[in-house]
Amino acid sequence: QVQLEESGGGLVQPGGSLRLSCAASGSIFSLGYMGWYRQAPGKERALIATITSGGTIDYRDSAEGRFTISRDNRKNTVYLQMDSLKPEDTPIYFCHARAVPAWGQSWGNYWGQGTQVTVSS
């Protein structure tokens, strides 16, 4: 089974920066694209950005040019650098990955448990 563990969330002042990390571990035969989502209370989970193992990146509007996704394939880790943070950037951030856990199995969707980011003075 593939596990995703996020880290790096916390409290930051408006205008500040945070870097989120998400490490994939467990049984991983193949790791496909990885991405970051965020979800505010009462709202749907929204995609921020994805990155393939080859480094192709897709940003959605929610990234607003302030967020940067990157990936270290040797560590099976994806990062989200968040700059110029605003109070509305406060939801829970989730890591997502497409992966094959073992030879002969199908691609599956895997999620981290989420990490809270709070932007407040």
Side-chain angles (χ1 to χ4, degrees):
Q1 188 71 317
V2 178
Q3 289 99 37
L4 301 178
E5 183 173 359
E6 300 113 333
S7 60
L11 175 64
V12 63
Q13 292 187 343
S17 298
L18 279 178
R19 189 174 86 149
L20 305 182
S21 300
C22 172
S25 63
S27 174
I28 302 173
F29 177 76
S30 182
L31 190 60
Y33 70 83
M34 303 181 75
W36 288 96
Y37 289 71
R38 64 183 183 182
Q39 186 171 22
K43 296 189 176 181
E44 293 185 357
R45 196 168 293 186
L47 176 63
I48 300 169
T50 60
I51 183 168
T52 67
S53 58
T56 299
I57 293 173
D58 177 25
Y59 287 110
R60 297 306 171 94
D61 291 343
S62 54
E64 298 182 359
R66 299 180 292 116
F67 296 173
T68 304
I69 191 171
S70 60
R71 177 171 175 163
D72 186 337
N73 289 327
R74 296 169 301 171
K75 298 180 180 179
N76 288 339
T77 298
V78 63
Y79 305 95
L80 186 69
Q81 176 67 40
M82 304 186 294
D83 299 316
S84 302
L85 285 164
K86 306 174 182 179
E88 52 264 41
D89 294 322
T90 289
I92 297 175
Y93 288 73
F94 294 90
C95 173
H96 169 262
R98 289 277 291 173
V100 178
W103 185 84
Q105 295 189 10
S106 301
W107 287 94
N109 291 299
Y110 298 90
W111 292 92
Q113 79 286 354
T115 185
Q116 177 73 55
V117 170
T118 302
V119 183
S120 175
S121 55

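The chain is numbered in sequence order, starting from 1. What you see below is based on every heavy atom in this structure, not just the backbone, and it leaves out hydrogens, waters and symmetry mates.
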**Student:** Does any non-hydrogen side-chain atom of Leu31 lie less than 4.5 Å from one of Arg71?
**Tutor:**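 With C-beta onward as the side chain, the pair touches.
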**Student:** Is Glu88 atom CD crowded by more than 12 heavy atoms from other residues, nucleotides or ligands, each under 6.0 Å away?
**Tutor:** yes
**Student:** Could you go through the side-chain contact (heavy atoms from CB on, under 4.5 Å) check for Arg98 and Asn109 one step at a time?
**Tutor:** CA-CA 5 Å; Arg98 289 277 291 173; Asn109 291 299; 2.8 Å; yes
**Student:** What do the steps show when you test Glu6 against Gln113 for side-chain contact (heavy atoms from CB on, under 4.5 Å), and what is the final call?
**Tutor:** CA-CA 7 Å; Glu6 300 113 333; Gln113 79 286 354; 3.0 Å; yes
**Student:** Do Ser17 and Val12 pass the side-chain contact (heavy atoms from CB on, under 4.5 Å) test, and can you show the C-alpha distance, the side-chain angles, and the key distance before you say yes or no?
**Tutor:** CA-CA 7 Å; Ser17 298; Val12 63; over 6 Å; no
**Student:** Answer with yes or no whether the hydrophobic clustering places Leu80 together with Leu47; edges join I, L, V, M, F, W, Y residues whose side-chain heavy atoms lie under 4.5 Å apart.
**Tutor:**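 Hydrophobic grouping puts Leu80 apart from Leu47.
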**Student:** Less than 4.5 Å apart, any side-chain heavy atom of Thr68 and any of Tyr79?
**Tutor:**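 Heavy-atom side-chain distance check fails, nothing below 4.5 Å.
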**Student:** Closest approach of Leu4 and Ala97, non-hydrogen atoms and distance?
**Tutor:**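 Result for this residue pair: CD1-N, 3.7 Å.
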**Student:** Mind checking whether Met34 and Tyr59 sit in one hydrophobic cluster, side chains of I, L, V, M, F, W, Y counted as touching below 4.5 Å?
**Tutor:**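 Hydrophobic grouping puts Met34 with Tyr59.
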**Student:** With clusters defined by side-chain heavy atoms of hydrophobic residues (ILVMFWY) lying less than 4.5 Å apart, directly or transitively, does Val78 cluster with Phe67?
**Tutor:**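 Yes, it is one cluster - the side chains of Phe67 and Val78 are joined through contacts under 4.5 Å.
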**Student:** Over 60° means perpendicular and under 30° means parallel, so classify the ring planes of Trp111 and His96, tilted if in between.
**Tutor:**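 Ring orientation of His96 relative to Trp111: tilted.
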**Student:** Which residues pass the side-chain hydrogen bond (donor to acceptor under 3.5 Å, both in side chains) test with Gln105, sequence neighbours left out?
**Tutor:**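 For Gln105 there are no side-chain hydrogen bond (donor to acceptor under 3.5 Å, both in side chains) partners, ignoring immediate neighbours.
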**Student:** Same cluster or not: Val119 versus Ile92, using hydrophobic residues (I, L, V, M, F, W, Y) connected whenever any side-chain heavy atoms lie under 4.5 Å apart?
**Tutor:** no
**Student:** Does Trp103 have more than 12 heavy atoms from other residues, nucleotides or ligands lying within 6.0 Å of its CH2?
**Tutor:**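 At most 12 heavy atoms, drawn from other residues, nucleotides or ligands, come within 6.0 Å of this atom.
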**Student:** Are Ser25 and Asn76 packed together at the side-chain level, in the sense that at least one heavy-atom pair is separated by less than 4.5 angstrom?
**Tutor:**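 No, too far: nothing below the 4.5 Å cut-off.
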**Student:** Determine the minimum heavy-atom distance between Pro101 and Ser106, stating which atoms define it.
**Tutor:**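 Nearest pair, atom of Pro101 first, then Ser106: CD-O, 3.8 Å.
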**Student:** Might you confirm whether atom CD of Glu5 has over 12 heavy atoms from other residues, nucleotides or ligands at distances under 6.0 Å?
**Tutor:**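 Not more than 12 within 6.0 Å, no.
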**Student:** Return each pair, listed once, that meets side-chain hydrogen bond (donor to acceptor under 3.5 Å, both in side chains) where at least one residue sits in residues 29-40; pairs must be two or more places apart or across chains.
**Tutor:**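 Counting only pairs at least two positions apart or across chains, the side-chain hydrogen bond (donor to acceptor under 3.5 Å, both in side chains) contacts touching residues 29-40 are Arg38-Asp89, Arg38-Tyr93, Gln39-Arg45.
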**Student:** Nearest 0.5 Å, what's the CD-OG1 distance between Gln13 and Thr118?
**Tutor:**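 Reported to 0.5 Å precision, the distance equals 13.0 Å.
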**Student:** Which heavy-atom pair separates Pro14 from Ser121 by the least distance, and what is that distance?
**Tutor:** CD-N, 3.6 Å
**Student:** Testing Ile51, Asp58, Leu20 one by one against Ile69 for a side-chain contact (heavy atoms from CB on, under 4.5 Å), which residue passes?
**Tutor:**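 Going through Ile51, Asp58, Leu20 one by one, the side-chain contact (heavy atoms from CB on, under 4.5 Å) with Ile69 is satisfied by Ile51 alone.
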**Student:** Apply side-chain contact (heavy atoms from CB on, under 4.5 Å) to Thr90 and Gln116, showing your working.
**Tutor:** CA-CA 7 Å; Thr90 289; Gln116 177 73 55; 4.0 Å; yes
**Student:** By side-chain hydrogen bond (donor to acceptor under 3.5 Å, both in side chains), which residues pair with Ser70, not counting sequence neighbours?
**Tutor:** none
**Student:** How close do Met82 and Leu85 get, counting heavy atoms only, and between which atoms?
**Tutor:** CB-CD2, 3.7 Å
**Student:** Could you tell me which non-hydrogen atom of Ser53 sits nearest to which non-hydrogen atom of Asn73, and how far apart they are?
**Tutor:**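 Reported closest heavy-atom pair: O-ND2, 2.8 Å.
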**Student:** Please report the closest heavy-atom contact between Ala99 and Tyr110, naming both atoms and the distance.
**Tutor:** O-CE1, 3.6 Å
